[in-house]
Amino acid sequence: MYSTASQLETDEVPSRVRSQVRRRLLEQLAVQGEGRGDIESRVEQLLLSEGCLRPRRTVERLARELEDELFGLGLLEPLLRDESITEIMVNGARTVFFERAGVIEPAGLEFENDSSVVELVRRVIGPLNLRLDETSPMVDARLPDGSRLNAVIPPLSVNGPVVTIRRFRRRKFSAEELVSSRTLTGELAAFLEGAVSHRANIIVSGGTSSGKTTLLNVLASFISSNERLITIEDAAELKIEHPHVVSLESRPANIEGRGEVTVRDLVRNALRMRPDRIIVGEVRGAEALDMLQAMNTGHPGSLSTAHANSPRDLLDRLETMVLMSDVRLEQGAVRRQVGSALDLIIHTERAGGGRRIVSRVASVSCDRDGGYRLEDLFQAGGPS
């Protein structure tokens with residue numbers, strides 16, 4: 001016998017009925033070979049077939065939950081729909097955080113168990129020909145909306161499966177917005193626009209989530225519309241509004257360990273594609289040598305980012321990355337490559353409250369003794 005109207009307003013769908021509806025819905029979609037279709041009407045019919053009458057709002061909520069489970073990221077899907085959230089962090093089944101406006105907050109969500117977290121990731125990466133298991137306990141993937149997903153599972157992660165989703169703004173920031181948010185000053189924005197227009201080779205340095213990619217997008221917006229740009233990234237994050245952009249993305253090895261295409265492979269190939277500018281989303285390995293050689297051999301105005309704690313630290317890291325290549329160079333030769341290729345280093349940091357700022361801009365050159373000469377042109381708070 002059905003419940004009264006007053007009871008219907010508060011009744012939830014019993015877990016047994018929910019599981020049955022989910023199973024039968026999945027069977028229907030598999031047999032009929034259909035996509036999402038009208039999930040809500042299907043769920044309503046399945047509830048009725050189970051003798052479970054519920055208000056429209058309950059049916060709608062259940063349909064949305066099941067649609068998220070079957071086609072999206074389940075419990076995380078509401079967070080993904082919130083465009084103000086920039087990072088989602090799952091630290092095991094019982095702990096979920098998100099970042100908004102540079103501040104990390106608990107999401108108040110819990111998965112049923114660790115297995116449900118792992119299965120969620122496997123469902124997302126399956127169509128990408130990627131795997132996540134004990135033999136491959138780490139994975140990087142790009143979601144359909146452009147977000148970047150990283151997952152690590154036991155035995156590498158001691159507190160259960162850890163999932164990190166980096167979200168990217170659909171509309172890129174403009175220089176004016178960075179000025180209004182006090183990421184940089186109007187004078188500095190004008191200086192950087194002039195540097196890009198005059199084809200300075202620039203690397204944006206900084207720590208994780210310090211705004212490097214955002215600033216790189218803004219720098220790229222200063223490039224003349226009659227130039228040909230080739231962007232190279234591990235995962236496509238750049239959103240450059242330009243009439244002539246060719247975007248290249250590296251590819252990991254498949255399940256059989258074949259088919260890998262590295263950033264270095266793409267940098268080398270880009271030199272054969274008649275680029276006016278080469279933009280490498282991030283240098284982190286041996287591709288640094290190829291990028292520096294491109295800067296030194298007819299491709300001025302190239303742009304990139306790299307993780308570093310300071311401009312000086314960036315120069316040391318670049319040396320280390322060049323030495324990781326298969327080309328054996330003496331340290332003096334490496335320094336000459338770096339010093340002659342780079343013109344500017346723009347360093348970004350996270351200030352109090354999570355605000356991103358450009359803390360330093362330094363010019364780079366080599367001195368007579370073979371060392372680097374760094375000259376600060378701007379510092380946070382005004383010119384040096």
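Everything quoted here is computed from the prediction, not taken from an experiment. All values below were derived from every heavy atom in this structure, side-chain atoms included, with hydrogens, water molecules and symmetry-related copies excluded.
Remark: the backbone N or O of S115 is not paired with any side-chain donor or acceptor of E119 at under 3.5 angstrom. Judged purely by atom type and a 3.5 angstrom limit, R166 has no side-chain atom pairing as donor or acceptor with the backbone of S147. Between the side chain of R100 and the backbone N or O of E87 there is no donor-acceptor pair closer than 3.5 Å. Listed for the R268 side chain is no donor-acceptor partner under 3.5 Å among the backbone atoms of D290. A donor-acceptor pair under 3.5 Å is formed between the side chain of D313 and the backbone N or O of N309. At least one donor-acceptor pair closer than 3.5 Å links the side chain of R328 to the backbone N or O of S325. A donor-acceptor pair under 3.5 Å links the side-chain atoms of S116 to the main chain of N113, judged by distance alone. For R277 (side chain) and I230 (main-chain N/O), no donor-acceptor pair under 3.5 Å exists by modelled atom type. Judged purely by atom type and a 3.5 angstrom limit, H299 has no side-chain atom pairing as donor or acceptor with the backbone of M295. Of the possible donor and acceptor atoms, one in the side chain of R167 sits under 3.5 Å from a partner among the backbone N and O of D82.
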(Q) Show, in sequence, the C-alpha distance, side-chain angles and deciding distance for E233 and L238, and conclude whether the side-chain contact (heavy atoms from CB on, under 4.5 Å) test is met. (A) CA-CA 8 Å; E233 302 175 83; L238 294 172; 3.4 Å; yes

Q. Where do S205 and H347 land on the side-chain hydrogen bond (donor to acceptor under 3.5 Å, both in side chains) test, with the steps shown first?
A. CA-CA 5 Å; S205 66; H347 191 69; 2.7 Å; yes

Q: Step by step, work out the side-chain hydrogen bond (donor to acceptor under 3.5 Å, both in side chains) result for N159 and S157.
A: CA-CA 6 Å; N159 54 336; S157 171; 3.3 Å; yes

Q: Given side-chain contact (heavy atoms from CB on, under 4.5 Å), test L289 with R264 step by step and report yes or no.
A: CA-CA 9 Å; L289 174 61; R264 189 177 190 192; 4.2 Å; yes

Q) Given the rule in the side-chain hydrogen bond (donor to acceptor under 3.5 Å, both in side chains) test, do S250 and D234 qualify, once you have shown the distances and angles that lead to the verdict? A) CA-CA 5 Å; S250 66; D234 258 334; 2.7 Å; yes

**Q.** Audit row: N217, T214, side-chain hydrogen bond (donor to acceptor under 3.5 Å, both in side chains) steps and yes/no
**A.** CA-CA 5 Å; N217 270 312; T214 296; 5.8 Å; no

(Q) What verdict does the side-chain contact (heavy atoms from CB on, under 4.5 Å) test give for L149 and V163, after you've listed the backbone C-alpha separation in whole Å, the side-chain angles of each residue and the deciding distance to 0.1 Å? (A) CA-CA 7 Å; L149 179 147; V163 182; 4.2 Å; yes

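Heavy atoms only, all atoms of each residue included: S197 and F222 are closest at OG-O, 4.0 Å. Across every non-hydrogen atom of E249 and L266, the tightest pair is C-CD1, 3.5 Å. Of all non-hydrogen atoms in E319 and Y372, the two that sit nearest each other are OE2-OH, 2.8 Å. Summarising the geometry of A351 relative to I357, their closest heavy-atom pair is CB-CG2, 4.2 Å, with the distance given to 0.1 Å. Across all non-hydrogen atoms, the minimal contact from R274 to R228 is O-CD, 3.0 Å. Annotation for D376 and R360: closest pair OD1-NH2, 2.7 Å, computed over non-hydrogen atoms.
For the pair E227 and R199, the salt-bridge criterion is met [side-chain N within less than 4.0 Å of a carboxylate O]. One finds a salt bridge joining E99 and R350 here, because a Lys/Arg side-chain nitrogen approaches an Asp/Glu carboxylate oxygen to under 4.0 Å.
With I125 as the partner, the side-chain contact (heavy atoms from CB on, under 4.5 Å) test is satisfied by one option alone out of L130, D140, L120: L130.
Using a 4.5 Å heavy-atom cutoff, the side chains of V246 and L229 are not in contact.
Environment of CZ in R182: sparse, with no more than 12 heavy atoms of neighbouring residues, nucleotides or ligands closer than 6.0 Å. Counting non-hydrogen atoms of other residues, nucleotides and ligands closer than 6.0 Å to CD of E105 gives a total above 12.
To the nearest 0.5 Å, atoms CZ (R355) and OG (S210) are separated by 13.5 Å.
By the side-chain contact (heavy atoms from CB on, under 4.5 Å) test, N226 is found to be paired with S224, residues two or more places apart in sequence or in another chain being considered. Scored by the side-chain contact (heavy atoms from CB on, under 4.5 Å) test, E187 finds T185 as partners (sequence neighbours excluded).
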